[in-house]
Amino acid sequence: MDFAHSPQAQDLRQRLEAFMQRYLLPYNAAWHASVQDGVYPPPFLEDLKALAREEGLWNLFLPSLGADEPGTRLSNLDYAPLAEIMGRLPWAAEVFNCSAPDTGNMELLHRFATPAQRTQWLAPLLEGQIRSAFAMSEPDVASSDPTNLQTTVRRDGEQLVLNGRKWFITGVAHPHCKLLIVMCRNAAEGEGTAHHQHSMVLVPLDTPGVQVVRNIAVVHHHAPEGHCEIVLRDVRVPADHLLGTWGEGFAMAQARLGPGRVHHCMRTIGQCELSLQLATERTLERQAFGKYLSDFSNVQDWIAESRIEIDQARLLVLQVAWSLDQSTVEPAQPAAPLRAQVAAIKVVAARLQTRVVERAMQAFGAMGLSPDTPLAYFWTWGRAMHLMDGPDEVHLRTVARHELTQARSRMGATAAYFTTPEQLRALPRIR
Ligand SMILES: Cc1cc2nc3c(=O)[nH]c(=O)nc-3n(C[C@H](O)[C@H](O)[C@H](O)COP(=O)(O)OP(=O)(O)OC[C@H]3O[C@@H](n4cnc5c(N)ncnc54)[C@H](O)[C@@H]3O)c2cc1C
(Lines give C-alpha, C1' and ligand atoms only; values in the text may rest on other atoms or scores of the structure.)
Protein backbone atom coordinates (compact mmCIF):
# COMPACT_ATOMS: atom_id res chain seq x y z
CA MET A 1 0.00 0.00 0.00
CA ASP A 2 1.27 3.41 -0.88
CA PHE A 3 -0.43 6.46 0.63
CA ALA A 4 2.01 9.00 -0.81
CA HIS A 5 0.19 11.84 -2.52
CA SER A 6 1.14 12.75 -6.07
CA PRO A 7 3.02 16.01 -6.79
CA GLN A 8 -0.21 17.36 -8.36
CA ALA A 9 -2.13 16.63 -5.15
CA GLN A 10 0.57 18.18 -2.98
CA ASP A 11 0.52 21.32 -5.09
CA LEU A 12 -3.29 21.48 -4.99
CA ARG A 13 -3.25 20.96 -1.25
CA GLN A 14 -1.00 23.97 -0.71
CA ARG A 15 -3.02 26.13 -3.07
CA LEU A 16 -6.32 25.04 -1.54
CA GLU A 17 -5.10 25.86 1.96
CA ALA A 18 -3.82 29.25 0.81
CA PHE A 19 -7.12 29.97 -0.97
CA MET A 20 -9.13 29.07 2.12
CA GLN A 21 -6.93 31.30 4.30
CA ARG A 22 -6.95 34.21 1.90
CA TYR A 23 -10.51 34.25 0.62
CA LEU A 24 -12.84 31.97 2.56
CA LEU A 25 -11.98 32.39 6.22
CA PRO A 26 -12.27 36.20 6.07
CA TYR A 27 -15.82 35.65 4.75
CA ASN A 28 -16.82 33.02 7.30
CA ALA A 29 -18.60 35.35 9.72
CA ALA A 30 -20.26 37.13 6.76
CA TRP A 31 -21.48 33.79 5.38
CA HIS A 32 -23.20 32.98 8.68
CA ALA A 33 -24.62 36.49 9.05
CA SER A 34 -26.05 36.33 5.53
CA VAL A 35 -27.70 32.95 6.11
CA GLN A 36 -29.06 34.24 9.43
CA ASP A 37 -30.60 37.17 7.53
CA GLY A 38 -32.23 34.75 5.11
CA VAL A 39 -29.93 35.54 2.17
CA TYR A 40 -28.74 32.17 0.88
CA PRO A 41 -26.46 31.61 -0.89
CA PRO A 42 -24.65 34.80 0.16
CA PRO A 43 -24.04 37.25 -2.69
CA PHE A 44 -20.25 36.78 -2.63
CA LEU A 45 -20.43 33.01 -3.24
CA GLU A 46 -20.51 33.20 -7.05
CA ASP A 47 -17.43 35.48 -7.04
CA LEU A 48 -15.58 33.01 -4.84
CA LYS A 49 -16.61 30.15 -7.14
CA ALA A 50 -15.35 32.03 -10.20
CA LEU A 51 -12.05 32.77 -8.49
CA ALA A 52 -11.60 29.16 -7.38
CA ARG A 53 -12.24 27.96 -10.91
CA GLU A 54 -9.74 30.44 -12.36
CA GLU A 55 -7.15 29.05 -9.96
CA GLY A 56 -7.82 25.44 -11.02
CA LEU A 57 -9.47 24.56 -7.71
CA TRP A 58 -12.59 23.08 -9.28
CA ASN A 59 -14.16 19.60 -9.32
CA LEU A 60 -11.30 18.18 -7.30
CA PHE A 61 -13.05 14.77 -7.00
CA LEU A 62 -14.10 12.31 -9.76
CA PRO A 63 -10.98 10.54 -11.10
CA SER A 64 -12.72 9.41 -14.28
CA LEU A 65 -13.52 12.89 -15.66
CA GLY A 66 -13.01 13.13 -19.41
CA ALA A 67 -10.40 15.43 -20.97
CA ASP A 68 -13.23 17.74 -22.13
CA GLU A 69 -14.76 17.99 -18.62
CA PRO A 70 -13.63 20.60 -16.09
CA GLY A 71 -11.74 19.24 -13.10
CA THR A 72 -8.50 17.84 -11.74
CA ARG A 73 -9.07 14.06 -12.25
CA LEU A 74 -7.42 13.27 -8.92
CA SER A 75 -7.52 9.72 -7.57
CA ASN A 76 -9.61 9.09 -4.46
CA LEU A 77 -6.39 8.92 -2.45
CA ASP A 78 -5.21 12.28 -3.75
CA TYR A 79 -8.60 13.89 -3.23
CA ALA A 80 -8.81 12.72 0.42
CA PRO A 81 -6.56 15.40 2.00
CA LEU A 82 -8.34 18.10 -0.02
CA ALA A 83 -11.71 16.93 1.32
CA GLU A 84 -10.21 17.11 4.81
CA ILE A 85 -9.14 20.72 4.28
CA MET A 86 -12.56 21.72 2.88
CA GLY A 87 -14.33 19.90 5.70
CA ARG A 88 -13.00 22.42 8.25
CA LEU A 89 -15.37 25.02 6.82
CA PRO A 90 -18.68 23.34 5.99
CA TRP A 91 -19.68 25.86 3.29
CA ALA A 92 -16.27 25.67 1.57
CA ALA A 93 -17.01 22.66 -0.64
CA GLU A 94 -19.53 24.60 -2.72
CA VAL A 95 -16.89 27.16 -3.67
CA PHE A 96 -14.84 24.37 -5.29
CA ASN A 97 -17.89 22.56 -6.70
CA CYS A 98 -17.26 19.62 -4.39
CA SER A 99 -20.47 19.64 -2.30
CA ALA A 100 -22.41 16.58 -1.26
CA PRO A 101 -24.75 15.31 -2.52
CA ASP A 102 -23.73 16.74 -5.91
CA THR A 103 -20.39 14.92 -5.93
CA GLY A 104 -22.12 11.54 -5.54
CA ASN A 105 -24.77 12.52 -8.07
CA MET A 106 -22.16 13.62 -10.60
CA GLU A 107 -20.38 10.31 -10.02
CA LEU A 108 -23.65 8.52 -10.71
CA LEU A 109 -24.43 10.53 -13.85
CA HIS A 110 -20.88 10.11 -15.05
CA ARG A 111 -21.23 6.34 -14.89
CA PHE A 112 -24.81 5.77 -15.96
CA ALA A 113 -26.26 8.77 -17.81
CA THR A 114 -27.05 8.72 -21.54
CA PRO A 115 -25.35 11.36 -23.72
CA ALA A 116 -28.55 13.46 -23.63
CA GLN A 117 -28.80 13.18 -19.83
CA ARG A 118 -25.16 14.16 -19.51
CA THR A 119 -25.77 17.27 -21.57
CA GLN A 120 -28.89 18.21 -19.66
CA TRP A 121 -27.69 17.49 -16.10
CA LEU A 122 -24.05 16.48 -15.76
CA ALA A 123 -22.64 19.38 -17.76
CA PRO A 124 -24.35 22.13 -15.70
CA LEU A 125 -23.48 20.30 -12.48
CA LEU A 126 -19.82 20.13 -13.46
CA GLU A 127 -19.99 23.83 -14.32
CA GLY A 128 -21.46 24.61 -10.90
CA GLN A 129 -24.52 26.20 -12.50
CA ILE A 130 -27.06 23.98 -10.75
CA ARG A 131 -27.31 21.81 -7.61
CA SER A 132 -29.00 18.43 -7.16
CA ALA A 133 -30.39 16.02 -4.55
CA PHE A 134 -30.64 12.29 -4.06
CA ALA A 135 -34.05 11.12 -2.85
CA MET A 136 -34.19 7.69 -1.30
CA SER A 137 -35.40 7.79 2.35
CA GLU A 138 -39.11 7.76 3.17
CA PRO A 139 -41.01 8.61 6.35
CA ASP A 140 -43.38 5.65 6.17
CA VAL A 141 -40.85 2.80 6.02
CA ALA A 142 -37.55 1.86 7.67
CA SER A 143 -35.31 3.30 4.99
CA SER A 144 -32.14 1.68 6.31
CA ASP A 145 -33.49 -1.34 4.42
CA PRO A 146 -34.05 0.09 0.93
CA THR A 147 -36.05 -3.00 -0.14
CA ASN A 148 -38.82 -1.33 1.92
CA LEU A 149 -39.08 1.77 -0.27
CA GLN A 150 -42.65 2.51 -1.35
CA THR A 151 -42.36 5.37 -3.82
CA THR A 152 -43.46 3.88 -7.12
CA VAL A 153 -42.60 4.42 -10.74
CA ARG A 154 -44.75 3.02 -13.54
CA ARG A 155 -44.48 3.23 -17.28
CA ASP A 156 -47.35 4.95 -19.07
CA GLY A 157 -46.66 5.02 -22.81
CA GLU A 158 -43.71 7.33 -23.33
CA GLN A 159 -43.81 8.60 -19.77
CA LEU A 160 -42.77 7.51 -16.28
CA VAL A 161 -45.21 8.29 -13.47
CA LEU A 162 -43.96 8.65 -9.89
CA ASN A 163 -45.91 8.64 -6.63
CA GLY A 164 -44.58 8.73 -3.07
CA ARG A 165 -43.14 10.71 -0.20
CA LYS A 166 -39.46 11.25 0.58
CA TRP A 167 -37.79 12.97 3.50
CA PHE A 168 -34.47 14.26 4.80
CA ILE A 169 -33.49 14.96 1.22
CA THR A 170 -30.36 17.06 1.44
CA GLY A 171 -29.90 20.02 -0.86
CA VAL A 172 -33.48 20.56 -2.02
CA ALA A 173 -33.86 23.97 -0.34
CA HIS A 174 -30.83 25.34 -2.17
CA PRO A 175 -32.19 27.90 -4.65
CA HIS A 176 -30.01 26.39 -7.39
CA CYS A 177 -31.28 22.84 -6.86
CA LYS A 178 -32.85 21.76 -10.14
CA LEU A 179 -32.57 17.97 -10.16
CA LEU A 180 -33.86 15.14 -7.99
CA ILE A 181 -32.49 11.65 -8.51
CA VAL A 182 -35.37 9.60 -7.16
CA MET A 183 -35.06 5.98 -6.10
CA CYS A 184 -38.41 4.26 -6.82
CA ARG A 185 -39.99 0.83 -6.64
CA ASN A 186 -41.08 -0.51 -10.03
CA ALA A 187 -44.86 -0.57 -9.85
CA ALA A 188 -45.56 -3.67 -11.96
CA GLU A 189 -46.10 -6.72 -9.74
CA GLY A 190 -43.45 -9.43 -9.61
CA GLU A 191 -40.74 -7.46 -11.39
CA GLY A 192 -37.33 -8.76 -10.34
CA THR A 193 -36.07 -10.07 -7.02
CA ALA A 194 -35.83 -7.79 -3.96
CA HIS A 195 -32.61 -6.18 -5.18
CA HIS A 196 -33.78 -5.75 -8.78
CA GLN A 197 -37.10 -4.00 -8.20
CA HIS A 198 -35.95 -0.40 -7.99
CA SER A 199 -35.06 2.20 -10.55
CA MET A 200 -33.60 5.70 -10.47
CA VAL A 201 -35.43 8.49 -12.23
CA LEU A 202 -34.17 11.98 -13.05
CA VAL A 203 -36.88 14.42 -12.00
CA PRO A 204 -36.55 18.16 -12.63
CA LEU A 205 -37.49 19.84 -9.34
CA ASP A 206 -40.03 22.08 -11.09
CA THR A 207 -42.01 19.15 -12.55
CA PRO A 208 -45.75 19.47 -11.76
CA GLY A 209 -46.62 17.21 -8.82
CA VAL A 210 -43.31 17.70 -6.97
CA GLN A 211 -44.07 19.49 -3.72
CA VAL A 212 -41.40 20.45 -1.19
CA VAL A 213 -43.34 20.21 2.07
CA ARG A 214 -40.78 21.44 4.60
CA ASN A 215 -37.12 21.76 5.49
CA ILE A 216 -36.64 19.49 8.51
CA ALA A 217 -34.41 20.73 11.34
CA VAL A 218 -31.65 18.36 12.45
CA VAL A 219 -31.19 18.63 16.24
CA HIS A 220 -32.74 22.13 16.03
CA HIS A 221 -30.36 23.15 13.26
CA HIS A 222 -32.00 24.30 10.03
CA ALA A 223 -29.54 23.72 7.20
CA PRO A 224 -30.03 26.45 4.60
CA GLU A 225 -29.60 23.94 1.77
CA GLY A 226 -32.24 21.83 3.49
CA HIS A 227 -32.98 18.28 4.54
CA CYS A 228 -36.44 18.34 3.02
CA GLU A 229 -39.63 16.37 2.95
CA ILE A 230 -41.02 16.03 -0.58
CA VAL A 231 -44.27 14.69 -1.95
CA LEU A 232 -44.37 13.24 -5.48
CA ARG A 233 -47.97 13.16 -6.71
CA ASP A 234 -48.53 11.76 -10.22
CA VAL A 235 -45.23 13.24 -11.31
CA ARG A 236 -44.79 12.63 -15.04
CA VAL A 237 -41.45 12.72 -16.82
CA PRO A 238 -40.46 11.42 -20.27
CA ALA A 239 -39.37 7.74 -20.30
CA ASP A 240 -35.85 8.81 -21.24
CA HIS A 241 -35.50 10.27 -17.72
CA LEU A 242 -34.79 6.78 -16.41
CA LEU A 243 -31.18 6.69 -15.18
CA GLY A 244 -29.28 3.51 -16.09
CA THR A 245 -31.15 0.24 -16.34
CA TRP A 246 -34.73 -0.46 -15.21
CA GLY A 247 -34.57 -2.48 -11.98
CA GLU A 248 -30.88 -1.84 -11.29
CA GLY A 249 -31.27 1.10 -8.88
CA PHE A 250 -29.75 -0.87 -6.05
CA ALA A 251 -26.44 -1.68 -7.64
CA MET A 252 -26.22 1.90 -8.89
CA ALA A 253 -26.84 3.28 -5.39
CA GLN A 254 -23.98 1.13 -4.06
CA ALA A 255 -21.68 2.35 -6.79
CA ARG A 256 -22.51 5.93 -5.79
CA LEU A 257 -21.67 5.46 -2.16
CA GLY A 258 -18.03 4.23 -2.22
CA PRO A 259 -16.14 7.42 -3.09
CA GLY A 260 -18.91 9.51 -1.50
CA ARG A 261 -18.23 7.87 1.86
CA VAL A 262 -14.51 8.59 1.58
CA HIS A 263 -15.39 12.24 0.94
CA HIS A 264 -17.76 12.35 3.94
CA CYS A 265 -15.22 10.69 6.21
CA MET A 266 -12.37 12.97 5.20
CA ARG A 267 -14.55 16.04 5.75
CA THR A 268 -15.32 14.63 9.19
CA ILE A 269 -11.62 14.20 9.90
CA GLY A 270 -11.07 17.84 8.93
CA GLN A 271 -13.75 18.90 11.40
CA CYS A 272 -12.25 16.72 14.12
CA GLU A 273 -8.78 18.16 13.53
CA LEU A 274 -10.16 21.66 13.82
CA SER A 275 -12.11 20.76 16.97
CA LEU A 276 -8.97 19.37 18.58
CA GLN A 277 -6.99 22.42 17.54
CA LEU A 278 -9.60 24.79 18.98
CA ALA A 279 -9.82 22.82 22.21
CA THR A 280 -6.08 22.58 22.80
CA GLU A 281 -5.62 26.31 22.25
CA ARG A 282 -8.49 27.08 24.58
CA THR A 283 -7.07 24.88 27.36
CA LEU A 284 -3.67 26.54 27.01
CA GLU A 285 -5.11 29.99 27.73
CA ARG A 286 -7.92 29.40 30.23
CA GLN A 287 -7.32 28.87 33.94
CA ALA A 288 -9.39 27.23 36.70
CA PHE A 289 -8.41 26.48 40.26
CA GLY A 290 -5.03 28.11 39.75
CA LYS A 291 -4.00 25.99 36.77
CA TYR A 292 -4.33 26.12 33.01
CA LEU A 293 -6.99 23.66 31.86
CA SER A 294 -4.25 21.97 29.83
CA ASP A 295 -2.49 21.07 33.11
CA PHE A 296 -5.34 18.82 34.27
CA SER A 297 -4.61 15.20 33.49
CA ASN A 298 -8.14 14.43 32.29
CA VAL A 299 -7.85 17.27 29.76
CA GLN A 300 -4.53 15.86 28.59
CA ASP A 301 -6.20 12.46 28.19
CA TRP A 302 -8.92 14.04 26.04
CA ILE A 303 -6.30 15.67 23.86
CA ALA A 304 -4.22 12.51 23.52
CA GLU A 305 -7.18 10.25 22.87
CA SER A 306 -8.53 12.60 20.22
CA ARG A 307 -5.15 12.78 18.49
CA ILE A 308 -4.80 8.98 18.47
CA GLU A 309 -8.35 8.38 17.24
CA ILE A 310 -8.11 10.99 14.47
CA ASP A 311 -4.84 9.54 13.18
CA GLN A 312 -6.22 6.00 13.29
CA ALA A 313 -9.34 7.04 11.39
CA ARG A 314 -7.40 8.95 8.76
CA LEU A 315 -5.20 5.95 8.02
CA LEU A 316 -8.21 3.69 7.65
CA VAL A 317 -9.95 6.11 5.30
CA LEU A 318 -6.80 6.53 3.21
CA GLN A 319 -6.56 2.77 2.97
CA VAL A 320 -10.10 2.61 1.61
CA ALA A 321 -9.43 5.48 -0.81
CA TRP A 322 -6.36 3.63 -2.04
CA SER A 323 -8.33 0.36 -2.36
CA LEU A 324 -11.07 2.13 -4.34
CA ASP A 325 -8.42 3.45 -6.70
CA GLN A 326 -7.03 -0.07 -7.16
CA SER A 327 -10.48 -1.57 -7.68
CA THR A 328 -11.15 -2.54 -11.25
CA VAL A 329 -14.79 -3.39 -10.62
CA GLU A 330 -16.68 -1.07 -12.96
CA PRO A 331 -19.47 -0.09 -13.01
CA ALA A 332 -21.09 -2.65 -10.72
CA GLN A 333 -20.83 -2.33 -6.96
CA PRO A 334 -17.46 -2.83 -5.25
CA ALA A 335 -16.45 -6.37 -4.27
CA ALA A 336 -17.46 -7.63 -0.82
CA PRO A 337 -14.15 -6.94 1.00
CA LEU A 338 -14.14 -3.36 -0.27
CA ARG A 339 -17.82 -2.90 0.61
CA ALA A 340 -16.99 -3.98 4.16
CA GLN A 341 -14.10 -1.52 4.32
CA VAL A 342 -16.30 1.30 3.04
CA ALA A 343 -18.93 0.39 5.65
CA ALA A 344 -16.27 0.35 8.37
CA ILE A 345 -15.01 3.88 7.70
CA LYS A 346 -18.54 5.23 7.86
CA VAL A 347 -18.93 3.86 11.41
CA VAL A 348 -15.45 4.95 12.45
CA ALA A 349 -15.96 8.49 11.17
CA ALA A 350 -19.34 8.98 12.83
CA ARG A 351 -18.03 7.73 16.17
CA LEU A 352 -14.90 9.81 15.84
CA GLN A 353 -16.81 12.99 15.19
CA THR A 354 -19.21 12.73 18.10
CA ARG A 355 -16.42 11.70 20.51
CA VAL A 356 -13.78 14.24 19.51
CA VAL A 357 -16.22 17.12 19.17
CA GLU A 358 -17.90 16.28 22.46
CA ARG A 359 -14.54 16.41 24.27
CA ALA A 360 -13.80 19.74 22.61
CA MET A 361 -17.21 21.12 23.64
CA GLN A 362 -16.58 20.07 27.22
CA ALA A 363 -13.17 21.73 27.19
CA PHE A 364 -14.80 24.96 25.98
CA GLY A 365 -17.40 25.03 28.74
CA ALA A 366 -20.71 26.71 27.90
CA MET A 367 -19.26 28.47 24.88
CA GLY A 368 -18.85 25.07 23.23
CA LEU A 369 -22.63 24.74 23.05
CA SER A 370 -23.16 28.21 21.60
CA PRO A 371 -23.18 29.21 17.93
CA ASP A 372 -20.00 31.27 18.52
CA THR A 373 -17.75 28.30 17.75
CA PRO A 374 -18.25 25.69 15.00
CA LEU A 375 -18.38 22.91 17.61
CA ALA A 376 -22.14 22.71 18.15
CA TYR A 377 -22.69 22.42 14.41
CA PHE A 378 -19.92 19.82 14.10
CA TRP A 379 -21.52 17.76 16.87
CA THR A 380 -24.93 17.95 15.19
CA TRP A 381 -23.42 16.85 11.91
CA GLY A 382 -21.54 14.04 13.67
CA ARG A 383 -24.76 12.89 15.29
CA ALA A 384 -26.44 12.87 11.88
CA MET A 385 -23.52 10.87 10.46
CA HIS A 386 -24.61 7.95 12.65
CA LEU A 387 -27.73 7.79 10.43
CA MET A 388 -27.25 9.35 7.04
CA ASP A 389 -26.18 7.03 4.23
CA GLY A 390 -27.46 4.26 6.49
CA PRO A 391 -27.26 3.83 10.28
CA ASP A 392 -24.15 2.49 12.01
CA GLU A 393 -25.86 -0.82 12.75
CA VAL A 394 -26.37 -1.59 9.06
CA HIS A 395 -22.71 -0.89 8.32
CA LEU A 396 -21.61 -3.01 11.27
CA ARG A 397 -23.76 -5.78 9.84
CA THR A 398 -21.97 -5.49 6.50
CA VAL A 399 -18.59 -5.73 8.21
CA ALA A 400 -19.69 -8.66 10.37
CA ARG A 401 -21.23 -10.55 7.45
CA HIS A 402 -18.05 -10.25 5.45
CA GLU A 403 -16.02 -11.45 8.44
CA LEU A 404 -18.36 -14.41 8.99
CA THR A 405 -18.29 -15.36 5.30
CA GLN A 406 -14.52 -15.44 5.42
CA ALA A 407 -14.56 -17.49 8.61
CA ARG A 408 -16.99 -19.98 7.06
CA SER A 409 -14.74 -20.44 4.04
CA ARG A 410 -11.69 -21.30 6.18
CA MET A 411 -13.55 -23.16 8.94
CA GLY A 412 -11.14 -25.36 10.93
CA ALA A 413 -7.98 -23.57 9.76
CA THR A 414 -7.41 -22.25 13.28
CA ALA A 415 -7.51 -25.70 14.94
CA ALA A 416 -3.75 -25.81 15.50
CA TYR A 417 -3.93 -22.75 17.74
CA PHE A 418 -5.80 -24.77 20.38
CA THR A 419 -3.80 -26.62 23.04
CA THR A 420 -6.38 -29.29 23.79
CA PRO A 421 -5.55 -33.01 24.26
CA GLU A 422 -7.01 -33.65 20.77
CA GLN A 423 -4.30 -31.46 19.26
CA LEU A 424 -1.65 -33.47 21.10
CA ARG A 425 -3.03 -36.71 19.71
CA ALA A 426 -3.05 -35.22 16.18
CA LEU A 427 0.69 -34.55 16.28
CA PRO A 428 2.11 -35.01 12.73
CA ARG A 429 5.55 -36.59 12.03
CA ILE A 430 8.23 -34.05 11.18
CA ARG A 431 10.19 -36.51 8.98
C1 LIG B 1 -28.89 15.03 8.17
C2 LIG B 1 -29.44 13.91 7.35
C3 LIG B 1 -29.33 13.98 5.97
C4 LIG B 1 -29.89 12.96 5.18
N5 LIG B 1 -29.82 13.09 3.81
C6 LIG B 1 -30.47 12.16 3.04
C7 LIG B 1 -30.52 12.35 1.61
O8 LIG B 1 -29.99 13.30 1.05
N9 LIG B 1 -31.22 11.43 0.88
C10 LIG B 1 -31.83 10.36 1.46
O11 LIG B 1 -32.43 9.58 0.75
N12 LIG B 1 -31.80 10.17 2.81
C13 LIG B 1 -31.14 11.05 3.62
N14 LIG B 1 -31.12 10.89 4.98
C15 LIG B 1 -31.85 9.77 5.58
C16 LIG B 1 -30.96 8.64 6.06
O17 LIG B 1 -30.30 8.04 4.98
C18 LIG B 1 -31.87 7.64 6.83
O19 LIG B 1 -32.29 8.31 8.00
C20 LIG B 1 -31.16 6.36 7.17
O21 LIG B 1 -30.92 5.59 6.02
C22 LIG B 1 -31.95 5.51 8.18
O23 LIG B 1 -33.26 5.31 7.77
P24 LIG B 1 -34.47 5.61 8.79
O25 LIG B 1 -34.30 7.00 9.30
O26 LIG B 1 -35.71 5.27 8.10
O27 LIG B 1 -34.21 4.64 10.03
P28 LIG B 1 -34.85 3.19 10.21
O29 LIG B 1 -34.63 2.39 8.98
O30 LIG B 1 -36.24 3.34 10.71
O31 LIG B 1 -33.93 2.59 11.35
C32 LIG B 1 -34.04 3.00 12.72
C33 LIG B 1 -32.99 2.33 13.52
O34 LIG B 1 -33.15 0.91 13.46
C35 LIG B 1 -31.88 0.29 13.67
N36 LIG B 1 -31.60 -0.66 12.60
C37 LIG B 1 -31.98 -0.59 11.31
N38 LIG B 1 -31.48 -1.62 10.61
C39 LIG B 1 -30.76 -2.37 11.49
C40 LIG B 1 -29.98 -3.56 11.39
N41 LIG B 1 -29.83 -4.20 10.22
N42 LIG B 1 -29.39 -4.04 12.52
C43 LIG B 1 -29.53 -3.40 13.70
N44 LIG B 1 -30.24 -2.27 13.85
C45 LIG B 1 -30.85 -1.76 12.77
C46 LIG B 1 -30.84 1.39 13.67
O47 LIG B 1 -30.47 1.70 15.00
C48 LIG B 1 -31.57 2.55 13.04
O49 LIG B 1 -31.06 3.81 13.45
C50 LIG B 1 -30.53 11.85 5.80
C51 LIG B 1 -30.61 11.78 7.18
C52 LIG B 1 -30.07 12.79 7.96
C53 LIG B 1 -30.18 12.70 9.46
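Counting convention: from 1, in listed order, for ligands and their atoms alike. What you see is a predicted model; the values in this text were computed from it and never measured.
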K.L.:
Show the protein residues that qualify under the rule heavy atom under 4.0 Å from an atom of ligand 1, listing them in chain and number order.
P.N.:
Phe134, Ala135, Met136, Ser137, Val141, Ala142, Ser143, Ser144, Phe168, Ile169, Thr170, Val218, His227, Ala384, Leu387, Met388, Asp389, Gly390, Pro391, Glu393, Val394, Arg397

K.L.:
Do the numbers put Arg307 on top of the ring of Trp302, so that NZ or CZ is under 6.0 Å from the six-membered ring centre and no more than 45° off the axis?
P.N.:
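No.
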
K.L.:
Can you label the angle between the Trp381 ring and the His264 ring as parallel, tilted or perpendicular, going by 30° and 60°?
P.N.:
tilted

K.L.:
Can you tell me which residue among Asn163, Val141, Asp140 is in a side chain to side chain contact (heavy atoms under 4.5 Å, CB included) with Gln150?
P.N.:
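In the set Asn163, Val141, Asp140, the residue that makes a side chain to side chain contact (heavy atoms under 4.5 Å, CB included) with Gln150 is Val141.
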
K.L.:
Check side-chain contact (heavy atoms from CB on, under 4.5 Å) between His222 and all other residues, then give those that pass, not counting sequence neighbours.
P.N.:
Asn215, Ala217

K.L.:
Just checking His198 against Phe250, ring centres under 6.0 Å apart?
P.N.:
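Judged by ring-centre distance (under 6.0 Å), His198 and Phe250 do meet the cut-off.
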
K.L.:
Show your reasoning for whether side-chain hydrogen bond (donor to acceptor under 3.5 Å, both in side chains) applies to Gln129 and His176.
P.N.:
CA-CA 8 Å; Gln129 292 162 349; His176 299 168; over 6 Å; no

